[in-house]
Amino acid sequence: MLKNYLKTAWRNLINTKFYSALNIVGLTIGLAVGMLILIWVQDELSYDRFHTKTDQIYKVNASIGTGASRQVWGGVPAPVAAFGLKEVPGIVTAVRVVTSYSYSVFRYQEKLLKEDYGKLQFVDDAFFTLFDFKLLKGNVKTPFPNDQSVIITASAAKKYFGDQDPMGKTILGDSKDPYTVSGVLADFPANSSIAGDMLFSMNLKRREYDGKGYWKAMDADWGNYYTTTFLQVRPDASTKVIAAKLTEIHMKNQPGIKPTDGVFQLQPLKEIHLYNPDGSSAGIQIVKIFSIVAVLILLIACINYINLSTARSMLRSKEVSVRKIIGAGRSQLFMQFIIETVLCFVVALVLAFGLIYAVMPVYNNISGKQMHFDLFNANVWQVIALTIIATLVASSIYPALLLSSFKPINALKGKISGAGNATFRKILVVCQFAFSVGLIIGTLIINRQLGYIHSIQLGYDKEHVFALPLRAMQDHYEAIRAELLTHPEIKGLSTGSSSVITSNGSTSDTDWDGKASDVSLLINPYDIDRDFMGLFKLKFAAGAGFTGIKSDTAHYILNETAVRLAGIKNPIGKRFKLHDLNGTIIGVVKDFHFASLKETIAPAIFSYRPTAWQLYVKTTGKDAPAAIKLVEKYWKQYNANFPYEYTFLDDTYNDMYKTEQHTATLFNIFAGIAIFISCLGLFGLATYTAQIKVKEIGIRKVLGASVANITAMLSRDFLVLVLIAIAIASPIAWYAMNKWLMDYAYRTELHWWLVAVAGAVAVVIAFATISFQAVKAALANPVKSLRSE
């Protein structure tokens with residue numbers, strides 16, 4: 001029986017090549033794109049869930065400040081781990097991770113290699129037992145036999161030692177500090193929030209905080225929020241109680257701290273990739289949007305299949321009637337049409353697999369990920385099974401029920417008009433185009449926000465400025481500066497502790513005249529030289545900048561937000577204290593954006609330093625290569641043991657919005673595909689309509705109807721459906737995208753014409769699709785169509 005079903009289904013597939021091709025192409029693209037999106041979604045949701053203790057691991061965050069200046073940090077003081085483990089019931093293990101910026105290059109024999117920024121980490125020994133990162137070589141119980149031990153990843157081992165066994169070999173940090181390899185770690189998975197190339201013992205960090213210098217001992221320093229702390233919590237323990245207990249310990253061990261500072265919160269490990277420490281979206285919204293897009297594209301493909309199958313039901317009614325008359329039961333007919341759908345799906349699925357394999361490299365490049373499509377991977381099959389079952393059920397049940405329900409007598413008399421089914425098809429076409437119009441509106445708004453990001457006045461000039469660390473050049477900066485400024489290719493030089501694009505951190509260790517005892521002000525400190533303000537063209541609202549005289553070390557410049565939030569009236573000449581240094585406010589700089597546009601402008605304070613560690617060089621687009629060469633000469637003279645590397649601030653700024661750029665590109669592609677699949681269905685329906693109205697068209701032409709009249713007659717109904725789809729989709733898409741824009745403190749405005757443009761695009765594309773078949777039908781010779789009458 002099954003063989004007979006398959007044979008009949010195959011023959012039907014072959015005999016109706018045009019409609020079969022439309023169905024298979026639509027399903028292939030829909031399945032491939034739907035699965036690609038769901039693989040992306042699955043990758044995002046899989047972050048940090050591969051640890052066996054994931055459900056018990058939490059990151060400790062700190063809430064600082066009140067009101068507008070409240071911030072939630074991902075870093076906490078180092079003693080949180082030690083005291084928590086010792087004094088808080090419910091905590092099983094505590095592990096700290098601190099990013100190291102001590103070294104930028106490592107030497108092994110004659111090989112000198114640079115390590116990327118942020119890829120060196122200090123970790124506690126329990127790191128290797130709490131998490132499931134695989135130690136390929138070494139001992140998980142004693143990963144660091146001494147403080148000069150280092151554990152490197154397999155990739156780093158390959159980079160430094162090739163095929164040699166790295167265990168016991170020594171590398172030199174910045175060509176001077178020796179570290180012996182005590183372990184090799186499998187590369188961190190791409191879906192891990194914790195990553196790095198080299199891991200050092202936390203004891204090494206503890207040496208920096210020995211309590212003898214400016215900082216207190218590591219486990220006594222409650223004022224420095226620099227450790228990322230993970231806790232393993234007993235399953236029956238309350239995270240709220242643990243967080244409250246940690247806060248209580250903090251208050252007890254740091255006298256004078258305000259109740260609003262250092263309030264700790266526990267965030268589940270599996271949420272830290274998609275949620276910010278304060279619980280706001282760090283990507284979960286995009287995951288939700290893409291999940292909806294995947295479902296919409298699959299639905300559009302299913303609707304195509306349902307529409308074409310049901311539209312052709314009239315053509316198959318006589319076939320069904322004859323089958324019933326010779327004894328076929330409804331269940332057998334139902335099974336026959338299910339088998340036809342399954343066969344169509346199998347062909348489409350095989351083609352979809354091939355398409356996914358073909359486009360995966362490009363897809364990874366566009367999405368900025370390293371995803372793999374492996375048919376032997378159980379996770380991939382979860383996505384495939386979910387997609388296939390859902391789409392198969394959605395697209396097979398109704399056509400099979402409809403086709404098997406004809407009454408033979410009525411069908412053979414031609415009394416099946418299909419009018420009821422036509423209404424259902426119209427609803428599906430409206431749904432299909434509503435989805436497409438929604439995606440077009442989403443695409444327009446995302447691209448408009450990206451354009452806004454790149455066109456907004458940031459309050460500073462970053463054009464043609466490149467940055468690099470001074471290192472040993474810092475001791476000779478004045479001489480280097482004087483010589484470089486004699487070259488016309490160098491338009492300006494400055495040094496600073498933080499980039500004008502991003503701040504390195506903030507502190508609440510501030511005081512000023514008139515400050516209320518219950519007020520906290522988190523402020524972003526910048527150490528800058530006298531040229532910083534001029535180089536970046538920062539504008540003053542009051543006062544003036546640093547002049548380079550000795551007394552500038554006791555002067556401060558605030559931005560407008562800092563003055564406003566601190567409530568300082570007539571700030572010039574007023575006292576302000578940062579850390580332990582009392583000073584005088586000599587200037588107020590106008591607000592500028594030194595963070596992502598998702599964040600409102602925060603308070604900032606500028607302190608004078610004759611030279612800071614980071615050099616900024618202003619040049620022009622044309623002179624940039626020559627300016628880079630000029631600086632390189634001094635780099636080689638003073639920093640011969642380090643590779644010469646620089647970064648243009650434009651690139652740094654664009655890097656902040658990589659995620660948005662990837663999202664916009666993917667959205668453009670998905671919207672185009674959704675429209676294409678919708679148009680495939682519309683093309684099929686238009687072809688079918690022209691076929692069943694061929695005699696009506698012939699009579700109208702004989703009676704004098706023009707090509708335009710015939711085209712309008714065939715197009716009108718479809719275009720009305722598209723207009724209804726626009727009316728339905730517009731408010732929904734408007735609401736959804738407005739919600740997405742709320743993630744940005746600074747965002748583009750939504751204009752009505754965006755909806756008008758999206759609607760016009762949908763109408764033009766739909767009309768072009770329909771009119772091709774309509775004009776073809778209108779130009780046909782009426783004699784041929786009426787001959788059979």
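- Side-chain contact between Asp531 and Arg481 is present, with at least one heavy-atom pair separated by less than 4.5 Å.
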Side chain to side chain contact (heavy atoms under 4.5 Å, CB included) evaluation trace for Ile242 with Tyr58
CA-CA 11 Å; Ile242 289 174; Tyr58 294 81; over 6 Å; no
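- Within the model, atoms CG of Leu112 and CZ of Phe642 stand 8.5 Å from one another, a figure rounded to the nearest 0.5 Å.
- Of the candidates Leu130, Thr93, Ile91, Ile91 is the only one forming a side-chain contact (heavy atoms from CB on, under 4.5 Å) with Leu231.
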Report the C-alpha distance between Asp55 and Lys270 in whole Å, list the side-chain angles of each, state the deciding distance to 0.1 Å, and finish with yes or no for salt bridge (Lys or Arg N to Asp or Glu O under 4.0 Å).
CA-CA 8 Å; Asp55 290 337; Lys270 59 190 177 187; 3.0 Å; yes
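- Looking at Thr227, its side chain never comes within 3.5 Å of a backbone N or O of Val98 through a donor-acceptor pair.
- Between Ile249 and Trp222, the shortest heavy-atom contact is CG2-CH2, 3.9 Å.
- Heavy-atom minimum distance, Ile151 versus Ser182: CG1-OG, 3.7 Å.
- Using a 4.5 Å cut-off on side-chain heavy atoms (C-beta onward), Phe122 and Asn203 make no contact.
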For a side chain to side chain contact (heavy atoms under 4.5 Å, CB included) check, start with the C-alpha distance between Met198 and Tyr179, then their side-chain angles and the critical distance, and finish with the verdict.
CA-CA 11 Å; Met198 293 187 181; Tyr179 291 97; over 6 Å; no
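- Looking at every heavy atom in both residues, Asp529 comes nearest to Ser494 through OD1-OG, 2.8 Å.
- For an aromatic pair to be called close, the ring centres must be under 6.0 Å apart, and Trp512 with Tyr556 fails this.
- You'll find the ring centres of Phe466 and Tyr646 inside the 6.0 Å limit.
- The side-chain heavy atoms of Asp278 and Gln265, taken from C-beta on, include no pair separated by under 4.5 Å.
- Proximity of the aromatic rings of Phe536 and Phe592 is defined here by a centroid distance below 6.0 angstrom, and this criterion is not met.
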Before you tell me yes or no, could you show the steps for Tyr226 and Met218 under side chain to side chain contact (heavy atoms under 4.5 Å, CB included), namely the whole-Å CA-CA distance, both residues' side-chain angles and the distance that decides it to 0.1 Å?
CA-CA 11 Å; Tyr226 66 98; Met218 190 172 187; 3.4 Å; yes
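- No side-chain donor-acceptor contact under 3.5 Å links Ser155 and Thr153.
- Inter-residue side-chain proximity for Val181 and Tyr160 is flagged as unmet; no heavy-atom pair is nearer than 4.5 Å.
- Looking only at side-chain heavy atoms (C-beta outward), Ile286 and Trp40 come within less than 4.5 Å of each other.
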Kindly determine whether Asn641 and Asp174 satisfy side chain to side chain contact (heavy atoms under 4.5 Å, CB included), including the steps that lead there.
CA-CA 7 Å; Asn641 287 329; Asp174 282 356; over 6 Å; no
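- Using a 4.5 Å heavy-atom threshold, the side chains of Lys59 and Leu269 count as separate.
- Gln474 contributes atom CD, which lies 10.0 Å from atom CG of Leu615 (distance to the nearest 0.5 angstrom).
- Using a 4.5 Å heavy-atom threshold, the side chains of Phe144 and Phe128 count as touching.
- Judged purely by distance below 3.5 Å, without hydrogens or angles, the side chains of Ser149 and Asn146 pair a donor atom with an acceptor atom.
- For the residue pair Glu645 and Leu468, the shortest heavy atom distance occurs at O-CB, 3.5 Å.
- Of all the heavy atoms in Pro166 and Ile152, the pair that sits closest is CB-CD1, 4.3 Å.
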Stepwise salt bridge (Lys or Arg N to Asp or Glu O under 4.0 Å) check, Glu632 with Lys636:
CA-CA 6 Å; Glu632 185 180 16; Lys636 287 182 175 174; 3.5 Å; yes
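- The distance between the ring centers of Phe133 and His51 falls below 6.0 angstrom.
- Cation-pi check for Lys462 over Tyr653 is met; the charged atom lies under 6.0 angstrom from the ring centroid and within 45 degrees of its normal.
- Here the closest heavy-atom approach between residue Ser498 and residue Tyr616 is recorded as O-OH, 3.0 Å.
- Only one option out of Lys114, Glu115, Arg471 pairs with Ser104 in a side-chain hydrogen bond (donor to acceptor under 3.5 Å, both in side chains); it is Arg471.
- Tyr644 OH to Lys633 NZ: the interatomic distance, rounded to the nearest 0.5 Å, is 12.0 Å.
- A heavy-atom distance below 4.5 Å is found between the side chains of Leu45 and Leu274.
- Ring-centre distance between Phe532 and Phe546: not below the 6.0 Å cut-off.
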